[in-house]
Amino acid sequence: MALRFFNTYSRELEEFEPRDPAARTIGIYTCGPTVYSHAHIGNFRAYIFEDLLQRHLELRGYKAHRVMNITDVDDKTIRGAREAKVPLARFTEQFKQAFFEDVETLRIKRADEFPAATDQRYTDRMIEMIGALIARGLAYQADDKSVYFRINKFPNYGKLAHFDLSQLQSTGRVKHDEYDKEHIGDFALWKAWDEEDGDVKWDSPWGPGRPGWHIECSAMATALLGDQIDIHCGGVDNIFPHHEAEIAQSEGVTGKKFVRYWLHCAHLLVDGQKMAKSLGNFYTVPDVLAKGYTGRELRYALLRVHYRVPLNFTWEGMHEARESLGRIDEWLTRLREIAQEENVQRSTSNAQSPIEKSDFENSLDDDLNISAALGFLFESIRETNRAMDENKLDAASAKAWLDWWKRINTVLDLEADVEIMIPTEVAQLAKERENARREKNWERSDELRDQISALGWEVRDTKDRPKLTRRGAE
RNA sequence: GGCGGGGUAGCCAAGUGGUAAGGUCGCGGUCUGCAAAACCGCUAUUCGCGGGUUCGAUUCCCGCCCCCGCCUCCA
């Protein structure tokens, strides 16, 4: 099946054709965090979706050149720095660091570049772009000294969001004192300095000020990926106005189609509601870790639902993630044991399976249908487990399954980390328990099992020997 | 009001014009000293509601209801 994605621009599933088919390198721009506070798990749902996208493109033989911006100057960061009474850069630094820690915890592949809006390379580029837009009549400086984009001069404005500009209504979310604009939909390219900004300002041909939010993405995207990029992603809430503005600015400057495929991720809900600090359902990655869950468990929970469907985050869902991963872990452990038994005779080899091994990746070709892909994984697990129960899976077959897993795990990245060493205390208790069992002292044996359990380990008596595992562990 | 996305078992969630993947939870069974893991069986006569097209619709069309989001700086 051909690789296809749902393009927000056309609202249709489209076959993916990179801009440059020969080069096999895909330019991907993904809107990153605004570092004014700790990013929440809803933000990370979008980043995990982008991670899945990149990894699957790579599985399909493409090379991704991915850029994720860091917005380190805007109203919220300035306000935060002022309230904390520290310089802007110092204020944002802590959240940048936290962001990168969370990225690692969730096993999200790092983008190739993380440009920051305040980097002079990009502020220069923003000023250059704004100048070009003014020269083309697409932007103007208003009486308040700020520079605005003139949306009436850009006929395509509204195409991405499918908005009729005459119907734009103010939701009252933005202050209403912007009488200086020609059209209510005109958005700021350059925001003139005011006292609230303190020492946060850059010089420009239009006086001191700072970039508008949208222009930074246009500047960084075109600077690092060129005038035209293959895929641009973000959350659905970015469609309007942010991505609409990016199109207007970028195409207004370059005159070329800015993005070939727009992919947008649906929101994460918590207990069926939008996540909000006021509702007390606002979680960061460390919040989830503090509840005893691991990064890979959260990764699984955020990954398992198709990106265009709203995902409801619940603790029950986290439990489900843990159990499902445990099932994968057990399966891999069994396969590895059999793969090592070179000379053991099996009654018959049973590598045959009604599940085609390519079903997993073919599902991902279909607009990243991860739920269907995981369905195939679990069906495969059940079938190979059955074969192993019946002693019908030989070492070669086990190895083949492990190779398959290795391949799909380049996309999933859900394997448990290397086995944690069994603590000597646990090993000692297990040994004592074996002695008790040999003497058929079941009471003592069960008591020792409880003690082992209290230490976070589970003991299982198999035919060969008792096995110790740590459930729910990284 | 405009524009999107969604409504499938207790929960999460695929899917197709031909009679419902998978995960999780629960129950019963095999195995086990007992467990655990694994496997087997059971758990949606039905896919928000009402019409229509069709031999046949959960899947296509029309209308309606509900949930979520966006409508100027939230992923």
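Every chain is numbered from 1, with letters handed out A, B, ... down the list of sequences. Just so you know, these numbers come straight off a predicted model, no measurement behind them.
- For T123(A), the side-chain contact (heavy atoms from CB on, under 4.5 Å) test picks out Q120(A), M126(A), W202(A), with sequence neighbours left out.
- If you look at F99(A) and Y47(A), their ring centroids are closer than 6.0 Å.
- Of the C1' atoms belonging to C40(B) and G17(B), the separation is 34 Å, rounded to the nearest Å.
- N435(A) pairs by the side-chain contact (heavy atoms from CB on, under 4.5 Å) definition with R438(A), not counting sequence neighbours.
- Spacing between atom CZ of R45(A) and atom P of G69(B) amounts to 14 Å, rounded to whole angstrom units.
- Side chain to side chain, S363(A) and D366(A) fail the donor-acceptor criterion of an N or O pair below 3.5 Å.
- Atom name P, nucleotides U43(B) and A21(B): the rounded distance is 12 Å, in whole Å.
- Rounded to whole Å, the separation between the C1' atoms of C31(B) and C39(B) comes to 9 Å.
- The residue among T462(A) and Y300(A) whose nearest nucleotide of RNA chain B is located toward the 5' end is Y300(A).
- Rounded to whole angstrom, the span from the CD atom of E323(A) across to the C1' atom of A36(B) amounts to 12 Å.
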Check the interface with nucleotides 39-41 of chain B: list each N/O to N/O pair with the protein under 3.5 Å, or write none.
residue, atom, partner, partner atom, Å
C39(B), OP1, R327(A), NH2, 3.3
C39(B), OP1, N385(A), ND2, 3.3
C39(B), OP2, R327(A), NH1, 3.2
C39(B), O4', D389(A), OD2, 2.8
C40(B), OP1, R386(A), NE, 3.0
C40(B), OP1, R386(A), NH2, 2.5

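- With both ends at atom C1', the span from U54(B) to A14(B) equals 26 Å, rounded to whole Å.
- E434(A) pairs by the salt bridge (Lys or Arg N to Asp or Glu O under 4.0 Å) definition with R437(A), not counting sequence neighbours.
- On the P atoms, C70(B) is 10 Å away from C74(B), given to the nearest whole Å.
- Between the C1' atoms of G69(B) and A36(B), the separation comes to 44 Å (whole Å).
- T8(A) and H264(A) share a donor-acceptor pair across their side chains, judged by distance under 3.5 Å alone.
- Rounded to whole Å, atom P of A38(B) lies 13 Å from atom CG of L335(A).
- Remark: P of A38(B) and CZ of R334(A) are 8 Å apart, rounded to the nearest angstrom.
- Stem analysis of RNA chain B (at least three stacked-register Watson-Crick or G-U pairs, each with both distances under 3.5 Å) gives B:1-7 with B:65-71, B:10-12 with B:22-24, B:26-30 with B:38-42, B:48-52 with B:60-64.
- If you take atom P in A44(B) and the same atom in A9(B), they sit 11 Å apart, rounded to whole Å.
- Every residue two or more places apart in sequence or in another chain that forms a side-chain contact (heavy atoms from CB on, under 4.5 Å) with Q141(A) is listed here: K145(A), V147(A), W206(A).
- No hydrogens or angles were tested; on distance alone, a donor-acceptor pair under 3.5 Å links the side chain of S445(A) to the base of G33(B).
- Between D75(A) and R79(A) there is no salt bridge, since no side-chain nitrogen of the basic residue lies less than 4.0 Å from a carboxylate oxygen of the acidic one.
- For the P atoms, the distance linking C60(B) with G6(B) amounts to 11 Å, nearest Å.
- Looking at heavy-atom distances under 4.0 Å, K76(A) makes contact with sugar-phosphate atoms alone, never a base.
- Neither OP1 nor OP2 of G2(B) sits under 4.0 Å from any side-chain N or O of H162(A).
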Taking only N/O atoms, report every protein-nucleotides 29-32 of chain B pair under 3.5 Å with atom names and distance.
none

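- For the 3.5 Å distance criterion, the side chains of T222(A) and R125(A) qualify, holding a donor opposite an acceptor.
- With C71(B), G22(B), A36(B) as the candidates, the nucleotide lying closest to the side chain of R460(A) is A36(B).
- Using cut-offs of 30° and 60° on the angle between ring planes, the pair W404(A) and W401(A) is perpendicular.
- Across all strands, R11(A) comes closer than 4.0 Å only to sugar-phosphate atoms, never to a base (heavy-atom distances).
- Scored by the side chain to side chain donor-acceptor pair (under 3.5 Å) test, E361(A) finds R60(A), R407(A) as partners (sequence neighbours excluded).
- With sequence neighbours excluded, no residue satisfies ring-ring contact (aromatic ring centres under 6.0 Å, His included) with W331(A).
- Atom pair W457(A):CH2 and A37(B):P shows a separation of 17 Å (rounding to whole Å applied).
- With sequence neighbours excluded, the residues forming a side-chain contact (heavy atoms from CB on, under 4.5 Å) with A248(A) are F149(A), F154(A), Y157(A), F187(A), listed by chain and number.
- Backbone-only contact: L269(A) has heavy atoms under 4.0 Å from sugar-phosphate atoms and none from a base.
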Practice prompt. For each nucleotide in nucleotides 9-15 of chain B, reading 5' to 3', give B when a protein heavy atom comes within less than 4.0 Å of its base, S when such contact involves only the sugar-phosphate, and - otherwise.
Written response: -BSBSSS
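- Base engagement by G42(A) is indicated by at least one non-hydrogen atom pair under 4.0 Å involving a base atom.
- We find that CG of D446(A) is positioned 6 Å from C1' of C34(B), with the value rounded to whole Å.
- Across Y293(A), F44(A), W315(A), a single residue satisfies ring pair (Phe, Tyr, Trp, His ring centres under 6.0 Å) together with Y283(A), and that is W315(A).
- The residue F378(A) sits close only to the backbone: its heavy atoms come under 4.0 Å of sugar-phosphate atoms, none of a base.
- One N or O donor and one acceptor, one from the side chain of R433(A) and one from the base of G33(B), sit under 3.5 Å apart.
- One interatomic measurement links the two molecules: CG of D450(A) to C1' of A36(B), which rounds to 13 Å at whole-angstrom precision.
- Annotation: side chain to side chain donor-acceptor pair (under 3.5 Å) contacts of E113(A) (sequence neighbours excluded): H65(A).
- A salt bridge is defined here as a Lys NZ or Arg NE, NH1 or NH2 lying under 4.0 Å from an Asp or Glu carboxylate O, and D446(A) with R449(A) meets this definition.
- Atom-to-atom, CD of E330(A) to C1' of U24(B) comes out at 17 Å; the value is rounded to the nearest Å.
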